[in-house]
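The next block holds one structure in the form of structure tokens; read it before the comments.
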There are 2 protein chains.
Amino acid sequence: MKTCESCAIRSKAVESLSKDELEIYQENCSEIQLDTGDIIIKEGLLSTHVAYLKSGLAKIHKKGIKGTEQILKIAKPGSYIGIQTILSQKIHQYSATVIEDSAVCFIDVATFKELILRNAAFGHELIQFLCQEELSNFNRFANMQQKQIDGRLADTILYFANDIKNSIDFTIPLSRNELAAFICSTRESVTRAIKDLSDIGTIHVTGKRFHILNADLLKKISENG
Amino acid sequence: MKTCESCAIRSKAVESLSKDELEIYQENCSEIQLDTGDIIIKEGLLSTHVAYLKSGLAKIHKKGIKGTEQILKIAKPGSYIGIQTILSQKIHQYSATVIEDSAVCFIDVATFKELILRNAAFGHELIQFLCQEELSNFNRFANMQQKQIDGRLADTILYFANDIKNSIDFTIPLSRNELAAFICSTRESVTRAIKDLSDIGTIHVTGKRFHILNADLLKKISENG
DNA sequence: TTAATAATGTGATGCATATCAAGTTTGAAT
DNA sequence: ATTCAAACTTGATATGCATCACATTATTAA
């Protein structure tokens, strides 16, 4: 049986737990394999567990007006999902859906809360995680508002290349519709933006597979908006 | 001499401190009166203190591409400012500027960090604060992307009326340019949006003073985008 | 394989809002 | 009061992108 104790990719927060705290954690935690399309948490439902993304990839999204999906961010391995609603609000304010087969640990809310109140180092790591997330959100917010589509797409391609896939040749596990929901545009405009970036030789794209040909130019487009 | 111990509007986090922890806090904390326009923290500078907004109002902003100011959010009394960079990054990633005369407490970073690691309840309150902030950011993000100007302005007017001023007759302490930076538009478009909402009788505006005449209609506009 | 369905691409058009260019008001300084 | 600069308003024009309509290509099921 797998234990958190022997888990190689447990979070820094879990690292900080004492032996008996880890036991509490472990007893109220279960790891589940999820496939693309599976729902981790769903907006509007009661918040009963915190999810820890061990491996894979998920989209964090939210229903906007008229039901339009808005992708808020991409959750990478090491992310806690659904943590925002465990302390005060009890209803999930956003959904999380797997976009690349994932291993997810679900930790009971009460346990999570107990550990925060019991071990300051555990809380400290969570604070660090939340702070970094907020700064990312700020950056993303400013970028979305001030750049136009080509710049936003360039951002996204560089983000997947540098921060997620660590490669210049990779797949973005999002449909054109989802890409649009992520860069705040429409399916059609995403298609055209991809064509723009391809035409000037910065990328080569086939389906969901992206190959960066000219990173410098792509960066310049990203920076200039 | 004023002490945190006797402070009526200290944060919930400070509430949770023990007597000697409170003393540590107090010794490394100083309250300062700031006027409109004064800078609380500045993007790019070293993060040496956490600011706690006791009273007044501040804008949290960030330089975008080409130097365009982007207002990320409004900080209300009870907000911790500059907390995001104290643990990992050391450089402020955003600025905070007073928009209504404020009382601000500056707490030394080392002290703040020490208290997080020493008192789990203190950290717990901060986590709660950070979680709520992130959810607000998500909502704001989705709204900005999916609503058009009139809806975004309606949002903002209702936000000031309900969440900040608790009145239907109040001043928004932002210039038209700042309002634009807040609702992600331009000075001119803000003017026109104000005119739109005035023309249909939802609000009456003179300068920075806003009077809500038809809250229901305003709400409808906000909801429909 | 073929049929059916979903995802994607493309061209034509319209619209919201940015941008530009004057004017006008406001507020501070003299 | 008068002057000056900053903030604001207003109209005309430009443009980026959404929207619509339809063609094409993948993908799945039969």
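All chains are named by letter (A, B, ...) in the order of the sequence lines, taking the proteins before the strands, and each is independently numbered beginning at 1.
Going from atom CZ of B:Arg209 over to atom P of D:dC8 covers 16 Å, rounded to whole Å. Between the C1' atom of C:dG11 and the NZ atom of A:Lys195 lies a distance of 10 Å, rounded to the nearest Å. D:dC20 atom P lies 12 Å from atom CZ of A:Arg187, rounded to whole Å. Remark: C1' of C:dA16 and CE of B:Met144 are 16 Å apart, rounded to the nearest angstrom. Between A:Ile194 atom CD1 and C:dA7 atom P there is a gap of 16 Å when expressed in whole angstrom units. For A:Phe210 and C:dT8, the CZ to P distance is 10 Å, given to the nearest whole Å. Rounded to an integer number of Å, the gap from CG of B:Asp199 to P of D:dT9 is 13 Å. We find that CD1 of B:Ile172 is positioned 12 Å from P of D:dC8, with the value rounded to whole Å.
Distances shown here put every side-chain N or O of B:Thr191 at or beyond 4.0 Å from the OP1 or OP2 atom of D:dC8. At the phosphate of D:dA7, neither OP1 nor OP2 sits under 4.0 Å from any side-chain N or O atom of B:Ser175. Note on A:Lys208: a side-chain N or O is less than 4.0 Å away from OP1 or OP2 of C:dT8.
Counting distance only, with no hydrogens placed and no angle test, the side-chain atoms of B:Arg176 and the base atoms of C:dT25 include no donor-acceptor pair under 3.5 Å. Not a single donor-acceptor pair, N or O on each side, falls under 3.5 Å between the base of D:dC17 and the side chain of A:Gln148. Interface remark: the A:Glu188 side chain does form a donor-acceptor pair with the D:dC20 base, using a distance-only criterion of under 3.5 Å.
Considering A:Leu153, A:Leu158, A:Asn143, A:Thr156 as possible partners of A:Ser222, the one that fulfils the side-chain contact (heavy atoms from CB on, under 4.5 Å) test is A:Leu158.
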>> Before you tell me yes or no, could you show the steps for A:Lys62 and B:Asn139 under side-chain hydrogen bond (donor to acceptor under 3.5 Å, both in side chains), namely the whole-Å CA-CA distance, both residues' side-chain angles and the distance that decides it to 0.1 Å?
In response: CA-CA 9 Å; A:Lys62 193 176 168 62; B:Asn139 275 323; 3.1 Å; yes

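Geometric assessment of B:Arg140 against the ring of B:Tyr159 yields a negative cation-pi assignment under the 6.0 Å and 45° thresholds.
The environment of NZ in B:Lys219 is sparse: at most 12 heavy-atom neighbours from other residues, nucleotides or ligands sit within 6.0 Å.
Contacts of B:Thr186 with the nucleic acid, taken as non-hydrogen atoms under 4.0 Å apart, include base atoms. Residue B:Lys147 is out of contact with every strand shown, counting any heavy-atom pair closer than 4.0 Å.
Residue-to-nucleotide proximity on DNA chain D shows that, of A:Cys184 and B:Arg192, the 5′-proximal contact is made by B:Arg192.
At a threshold of 4.5 Å between non-hydrogen side-chain atoms, the residues A:Glu133 and A:Lys73 count as touching.
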